[in-house]
Amino acid sequence: MTVSSLFDDMIIIALFMLAGFFIREIIKPVQKLFLPSSLIGGLLALILGQQVLGVVEIPESFSSFSNVLIAPIMAALLFGVTLNRKKIVGFLDYICVEQAIYGMQMCLGAGLGAALAIIWPGLPLGWGSMAVFAFQGGHGNAGAAGQTYTELGIPENLSVGMVLATFGLIVAMLVGMILVNIGVRKGWAKFVKDPQKQPDWYYGGALPEDKRVPVGKSVTSSISINHLALQGAWLLTAVFAGKLLIQIVGIFWAGVDVLPTVIQGILGGAIVWNLAKLIKLDKFVDVKFIHQLSGFLLEVVVLTAMATLDMELISTYIVPIVVFTLILTALTILLAFGGCKLFCRDEWFEKALMAYGVGTGNTATGLALVRAVDPDSQSSAPDNHGVYSAVMCWKEAFAGLVPVWMMTGLGMTMGVGGVMCAICLGVGCVLFLRPKKAAK
């Protein structure tokens with residue numbers, strides 16, 4: 001790939017990104033499903049490309065974007081991660097529920113995928129393990145785990161992950177809004193008596209002037225360096241640090257080569273961010289803008305991955321993928337609402353909606369469901385999830401580890417996921433499950 005060909009690729013990506021954005025703006029029902037413009041643009045590219053209509057030529061290089069960009073995307077996750085002991089203790093009830101869902105999806109996803117592969121032989125090895133990444137982290141984490149599988153010789157799982165992530169977004173909103181209405185009618189919601197319609201700008205269109213916020217803040221004079229250049233340098237330096245660490249470890253342990261690109265990004269982000277804080281250079285880091293950079297790269301990964309989905313694989317195995325999605329969704333509902341009802345002393349319904357939305361779609365869908373019953377942003381559920389994300393940031397490493405484990409069988413993945421789920425439920429029962437008072 002030359003600089004010129006890369007530039008041509010970015011032009012094609014930009015055209016489909018804009019097409020996806022305007023399709024989303026015009027077709028209002030699509031907005032209510034919270035499908036991102038990059039996903040819509042990628043599907044449009046897939047349909048117009050050589051796999052379906054053959055109207056446009058989708059470059060072969062599109063299939064390589066996730067391989068390159070996933071490292072800086074994962075590195076950005078570690079910038080700005082700080083832990084507050086008081087908040088951790090205060091929000092531990094929600095943390096137990098959300099992490100139990102994560103462990104359940106890791107364990108049963110892998111096992112259910114293997115069981116369905118017996119009925120539908122030909123499904124790619126380890127495809128069920130994509131559930132926890134597709135449902136918990138959406139297209140970003142699905143891309144990360146899918147790229148690891150690609151490095152291990154199973155590129156089909158990237159397509160599976162993208163489809164699962166798309167199905168996850170759909171069930172998150174469709175089933176989630178049904179649960180919202182049920183909860184409101186039963187009086188479970190704390191802040192509303194009727195689901196309230198959100199303003200039009202919440203779903204799409206131009207934001208009102210009073211709702212527009214900066215994507216970052218300049219940390220030094222532009223005479224010295226452009227803000228984008230400085231923050232981009234921090235992010236790419238993190239990728240370099242991760243690669244360098246792997247190379248150094250490789251001098252003493254040749255087996256480190258099996259660690260995928262995802263791990264390099266996570267390690268590099270942790271190193272650079274914590275080192276910057278240690279030597280007081282974090283004042284030059286704009287965490288919000290770095291996350292915006294990561295978001296831009298993620299949009300590119302989603303669009304290119306969707307544009308290069310393996311249509312033959314998906315069309316052949318759409319039935320087991322749908323069955324798989326429905327079963328995991330039902331179990332996620334059970335854990336999210338059952339766990340929060342048992343463990344959470346306050347706002348259990350709002351926290352359950354957050355846990356369910358995050359556990360089937362992504363953070364945005366969780367926030368959207370909570371907002372449906374909390375129009376004035378009074379609930380602590382978003383803060384609970386923010387603390388959870390910081391405390392459990394280490395789980396991002398599983399996107400690199402689980403595919404490696406699956407190469408040797410189900411044992412490690414199902415074992416780690418099952419133990420994780422059991423410990424979280426056990427801690428929740430010990431700390432938060434109080435016996436009902438006996439009736440007099």
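- With Ser159 contributing its side chain and Pro155 its backbone, the two residues share no donor-acceptor pair below 3.5 Å.
- Between Asp93 and Lys351 there is a salt bridge, with a side-chain nitrogen of the basic residue lying less than 4.0 Å from a carboxylate oxygen of the acidic one.
- In terms of heavy atoms, Gly361 sits closest to Leu169 at CA-CD2, 4.1 Å.
- Taking the six-membered ring for Trp and thresholds of 30 and 60 degrees, Phe337 and Tyr356 have ring planes inclined between 30 and 60 degrees apart.
- A heavy-atom distance below 4.5 Å is not found between the side chains of Gln147 and Val301.
- When every heavy atom of His291 is checked against every heavy atom of Ala76, the shortest pair comes out as NE2-O, 3.1 Å.
- With Asn226 contributing its side chain and Ala229 its backbone, the two residues share a donor-acceptor pair below 3.5 Å.
- Under the 4.5 Å side-chain criterion, counting only non-hydrogen atoms from C-beta, Leu335 is not in contact with Val97.
- A distance-only check finds a donor-acceptor pair linking the side chain of Thr148 to the backbone of Ala399 [under 3.5 Å].
- The heavy-atom pair separating Leu293 from Gln231 by the smallest distance is CD1-C, 3.9 Å.
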- Verdict with reasoning, Phe62 to Ile13, per side chain to side chain contact (heavy atoms under 4.5 Å, CB included): CA-CA 9 Å; Phe62 269 33; Ile13 289 169; 3.6 Å; yes
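- Taking the six-membered ring for Trp and the full ring otherwise, Phe289 and His227 have centroids separated by under 6.0 Å.
- With a 6.0 Å radius and a threshold of 12 heavy atoms from other residues, nucleotides or ligands, Met407 has its CE atom above the threshold.
- In this structure the side chain of Lys217 never reaches within 4.5 angstrom of the side chain of Lys288, judged on heavy atoms.
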- List the steps and the verdict of side chain to side chain contact (heavy atoms under 4.5 Å, CB included) for Leu158 and Tyr149. CA-CA 7 Å; Leu158 179 57; Tyr149 270 115; over 6 Å; no
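- To the nearest 0.5 angstrom, Ile246 atom CD1 is 5.5 Å from Leu267 atom CG.
- Thr2 and Ser5 share a donor-acceptor pair across their side chains, judged by distance under 3.5 Å alone.
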- Going through the distances and angles, do Ile101 and Gln136 end up as a side chain to side chain contact (heavy atoms under 4.5 Å, CB included)? CA-CA 9 Å; Ile101 293 173; Gln136 286 278 338; 3.5 Å; yes
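- For the pair Gln99 (side chain) and Met420 (backbone), a donor-acceptor distance under 3.5 Å is absent.
- Taking SG from Cys96 and CZ from Phe343, the interatomic distance works out to 6.5 Å, rounded to the nearest 0.5 Å.
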- What's the verdict on side chain to side chain contact (heavy atoms under 4.5 Å, CB included) for Phe135 and Thr332, showing C-alpha distance, side-chain angles and the deciding distance? CA-CA 10 Å; Phe135 295 152; Thr332 300; 5.8 Å; no
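- Here the CG atom belonging to Asp9 is positioned 9.5 Å from the OG1 atom belonging to Thr304, to the nearest 0.5 angstrom.
- Within the 4.5 Å cutoff, no side-chain heavy atoms of Phe65 are placed close to those of Leu303.
- Of all heavy-atom pairs between Ala172 and Leu369, the closest is O-CD1, 3.7 Å.
- Looking at heavy atoms from C-beta onward, Ile12 lies in side-chain contact with Pro59 at the 4.5 angstrom threshold.
- With contacts defined as side-chain heavy-atom distances shorter than 4.5 Å, the pair Val132/Phe398 does not qualify.
- Residues Met406 and Ile154 fail the side-chain proximity criterion, which asks for heavy atoms closer than 4.5 Å.
- Once rounded to the nearest 0.5 Å, the distance linking OG of Ser37 with CG of Leu18 reads 9.0 Å.
- Annotation: the span from Leu15 atom CG to Leu44 atom CG amounts to 10.5 Å, rounded to 0.5 Å.
- In this structure, Ser315 contributes its side chain and Glu312 its backbone to a donor-acceptor pair below 3.5 Å.
- For Ala142 against Gly161, the heavy-atom pair with the smallest separation is CB-O, 3.6 Å.
- Across all their heavy atoms, Gln51 and Thr308 have their closest contact at NE2-C, 4.0 Å.
- Side-chain atoms of Trp273 do not come within 3.5 Å of backbone N or O of Ala75 as any donor-acceptor pair.
- At a cut-off of 3.5 Å, with distance as the only test, a side-chain donor of Ser38 or Glu299 sits close to an acceptor on the other residue.
- Side-chain polar atoms of Tyr102 and Glu98 form no donor-acceptor pair below 3.5 angstrom.
- The distance between the ring centers of Phe324 and Trp127 falls below 6.0 angstrom.
- How far CG of Asp286 is from CG of Leu230: 9.0 Å, rounded to the nearest 0.5 Å.
- Between Val219 and Lys283, the closest side-chain pair of non-hydrogen atoms is not below 4.5 Å.
- Ring centroids of Trp348 and Trp188 are separated by less than 6.0 Å, placing the two rings close together.
- The closest donor-acceptor contact from the side chain of Ser379 to the backbone of Ala381 lies under 3.5 Å.
- For Asn157 (side chain) and Leu125 (main-chain N/O), a donor-acceptor pair under 3.5 Å exists by modelled atom type.
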- Query: Tyr94 and Ser380: side chain to side chain donor-acceptor pair (under 3.5 Å), yes or no, with the steps?
  - Reply: CA-CA 11 Å; Tyr94 175 85; Ser380 66; over 6 Å; no
